[in-house]
Amino acid sequence: MTMPELMYREALNQALAEEMERDANVFLIGEEVGRYNGAFKVSQGLLDKFGSARIIDAPISELGFTGMSVGAAMVGLRPVVEMMTWNFAILAMDQIVNNAAKLRHMSGGQLRCPIVFRGPGGAGGRLSSQHSQALEANYAHFPGLKVIAPATPADAKGMLKAAIRDENPVIMFEGERLYALKGEVPEGEHVVPLGKADVKREGTDVTIITWSRMYYFCMEAAEQLAKEGISAEVLDLRTLRPLDEEAILASVRKTNRVVIVEEGWALAGVGASVVDIIQSKAFDDLDAPVHRVTGLDVNMSYAANLENATQPDAPKIIDAVKKVLYREGA
Amino acid sequence: MASPYSKEQLLTMYRKMYLIRRFEERAGQQYTLGKIAGFCHLYIGQEAVAVGPNEALRPDDYMLSAYRDHGQPLARGSDAGMVMAELFGRGTGYSKGKGGSMHIFDIEHHFYGGYGIVGGQIPLAAGMAFASRYRNEDRVTLCYFGDAAANQGSFHETFNMASKWKLPVIYICENNRYGMGTAIARTSAVPEIYKRASAYGMRGEPVDGMDCLAMYEAVKDAAAYCRAGKGPVLLEANTYRFRGHSMADPATYRSKQEVEDERKNDPIPKLRDHALKNKLAVDADFEAIDEEVKAQVDAAVKFADESPEPSVEELWRDTIVEEGEQDVRPRERVLGVKVTNWPKYPSGQELKVTWDLEPREQAEQADKKAGLSR
């Protein structure tokens, strides 16, 4: 049986439409989600299907509509809040962090906050410093939130469905540069559980751990490495909070060498926590120090060559793999 | 003119204001004894702002507040012992001692919490009101905030949406004239907060916050306006706190004379005088309430003092909802009281959303007129 090929944005659209049909408590709010059909066309056609009370064009006031949605979730609705990009959500961070993430705790278990905050994250596209950053580490820091970052259209659909059904606040990073990417997506009830990593490529010599858009660079690197006789396993974390320790450790114990690829900055990044898990629980299984490939510790530039130099790519990943394998030239 | 209120109404309001006053005095005392820690913002002087509005609302209307949040849940009917236990950081508190003074939550009485970030609760209230309209319920949401919160972005962003979408929410600005130690006039271009509603095409009115009955009338009227679908209301309750911002504040930024003058405005004797003058109550009624409330507060302190601290395992609970996990009902958990009015939300299948935020036909006509295509 062949599955239909969908773009990443179409997979998300399908997940939204299916969940809204299944549960009238679900509504979508954000800038340009309605009559404009979505800044990145994720919500295309949904206004016509569900009406303006369920597909809500919000004013450009991120803190306001985010907080309003948290309030709606406190009394049982299931909002999906689209951030036009995660860069703008910095304005709404107080509501996500100080309210959504803490409501259940501060109320001693009386309240729950079933809400999804989603939108494009990540760098690229010559957008300079304020529009070009991978911010997932910021949210992965907070107890009370779940943080997900699917790489493929199939995962995008399945994880958004799971996020909408989850009883907790879920932060979903989509790849701004993945929206037009195509892949096979199962039809109908396809739910990918949160908190589960996925071995996207089996290998025996080294584990490359990654998520979201970096996954594609890792696969490209793995293909090239295969030609040189190096067998790389690619582990797509998919969920950054909670981290799937079991899957990380299983792969490390199999390959004994690890490279972590992260689009964001190195200091206090998600990858740093993955290193901590590995060194504290599988130190004896390592044949080399864990190596990280991250975005450079600088703000993003507009110039094409500077932008490219800032980001991880396949050659950098290949170098890192050779380093942990102690191969020459690395 | 005779009082339009019944004896029962007046004594109920008096009893609640008096309970809040005595409760707060004891809380202040327990703070100095080291039984209560952290921030402890007392409500003394502002009792009318919690009690009048509560009597004007239905028990199932939503309410939420800022960090000066002991008074409103007591007005709603929360258990004084469990509120005190929360201040003591005990496992028998409403939030199991995890929230403390600034985060009292009592969902059974539809009190949706106290919040510690200035103005952070303002959008939450609009969202709760949004949910009421989404479900075709006629309940209103009442949200308290302080005068200083009116300068936060959350205030302006929320008022814009609440008014545009005609959400059934009443905002009460408790203007006690100081944002912590800074007089509101020193930081605000327009210190009359109610006037700011006009910027959003919204109803805004000042109310005497030292008069329980004025607060009652204002909220009764505002609630009817909200339930009729006319949109949100901002009330500015001009009130005064007799104590500092928190227990840590000696309030040296204001003169003794100012406080003495304001104390003449005490809302509690004011209500008592109204009842006596209108011959709806006699001195003995108030003496009885005095005895009753003192005993109630004594019992609350005793309950809190004798309650155990939360178990350390509690650290790991109530952060993430595990699959199939039920919500905690504090009075059921602590006092063994069967809770019957826990909110039930309709499942997605039963819910019909009939509301239009932007009615389609109107939008299309407006577009046509403007020469826009869709």
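The figures here come from the full heavy-atom set of this structure, side chains too, leaving out hydrogens, waters and symmetry mates. Quick note on labels: first sequence line is chain A, next is B, and so on, each numbered from 1.
Remark: F88(A) CZ is packed, more than 12 non-hydrogen atoms of other residues, nucleotides or ligands lying under 6.0 Å away. Crowding of I60(A) atom CD1: a count of heavy atoms from other residues, nucleotides or ligands under 6.0 Å not exceeding 12. Heavy-atom contacts from other residues, nucleotides or ligands closer than 6.0 Å to OH of Y345(B) number more than 12. The environment of CD in E332(B) is crowded: more than 12 heavy-atom neighbours from other residues, nucleotides or ligands sit within 6.0 Å.
Interface summary for chain B: among D57(A), L91(A), D94(A), the most heavy-atom pairs under 4.5 angstrom belong to D94(A). Comparing M128(B), K96(B), Q349(B) by heavy-atom pairs within less than 4.5 Å of chain A, the highest count is held by M128(B). Most heavy-atom pairs under 4.5 Å with chain A: of the set A129(B), G99(B), P330(B), this distinction falls to P330(B). The most heavy-atom pairs under 4.5 Å with chain B, out of E62(A), K102(A), M74(A), come from M74(A). Here P59(A) is the residue among P59(A), P143(A), G51(A) with the most heavy-atom pairs under 4.5 Å with chain B.
The shortest heavy-atom contact between D106(B) and Q110(A) is CA-OE1, 3.6 Å. The two residues G64(A) and P123(B) come nearest to each other via the heavy atoms O-CB, 3.7 Å. Between G76(A) and R135(B), the shortest heavy-atom contact is C-NH2, 3.3 Å.
Contacts of F27(A) with chain B are made by both backbone and side-chain atoms, with heavy-atom separations under 4.5 Å. Looking at Y36(A), there are no atoms closer than 4.5 Å to chain B (heavy atoms on both sides), in backbone or side chain. Proximity to chain A (any heavy atom under 4.5 Å) is shown, for P310(B), by neither the backbone nor the side chain. Looking at A126(B), the atoms closer than 4.5 Å to chain A (heavy atoms on both sides) sit in the backbone and in the side chain alike. Of the atoms belonging to S347(B), it is backbone heavy atoms, and not side-chain ones, that fall under 4.5 Å from chain A.
The main-chain N or O of L357(B) is found under 3.5 Å from a side-chain atom of S52(A) such that the two form a donor-acceptor pair.
To the nearest 0.5 angstrom, I104(B) atom CD1 is 11.5 Å from S107(A) atom OG. With rounding to the nearest 0.5 angstrom, the CD1 atom of I122(B) is 10.0 Å from the CG atom of L63(A). Atom NZ of residue K146(A) and atom CD1 of residue I320(B) lie 5.5 Å apart, to the nearest 0.5 angstrom. Note that NZ of K98(B) is 9.5 Å distant from CZ of R104(A), once rounded to the nearest 0.5 Å.
In this structure, E167(A) and E325(B) have side chains that are not in contact, with every pair of non-hydrogen atoms separated by 4.5 Å or more. The shortest distance between side-chain heavy atoms of H105(A) and T319(B) falls below 4.5 Å. Counting heavy atoms from C-beta outward, I29(A) and F130(B) have side chains that stay 4.5 Å or more apart. In this structure, N99(A) and Q121(B) have side chains that are not in contact, with every pair of non-hydrogen atoms separated by 4.5 Å or more.
Among residue pairs with one or both ends in residues 85-112 of chain B, those qualifying as ring-ring contact (aromatic ring centres under 6.0 Å, His included) are Y62(B)-Y112(B), F105(B)-Y115(B); sequence neighbours excluded.
At a heavy-atom separation below 4.5 angstrom, chain B is approached by R22(A), D23(A), A24(A), N25(A), V26(A) within residues 9-26 of chain A. For residues 185-198 of chain A, a heavy-atom distance under 4.5 Å to chain B picks out no residue at all. Residues of residues 156-167 of chain B lying under 4.5 angstrom from chain A, judged on non-hydrogen atoms, are E157(B), N160(B), M161(B), W165(B), L167(B) by number.
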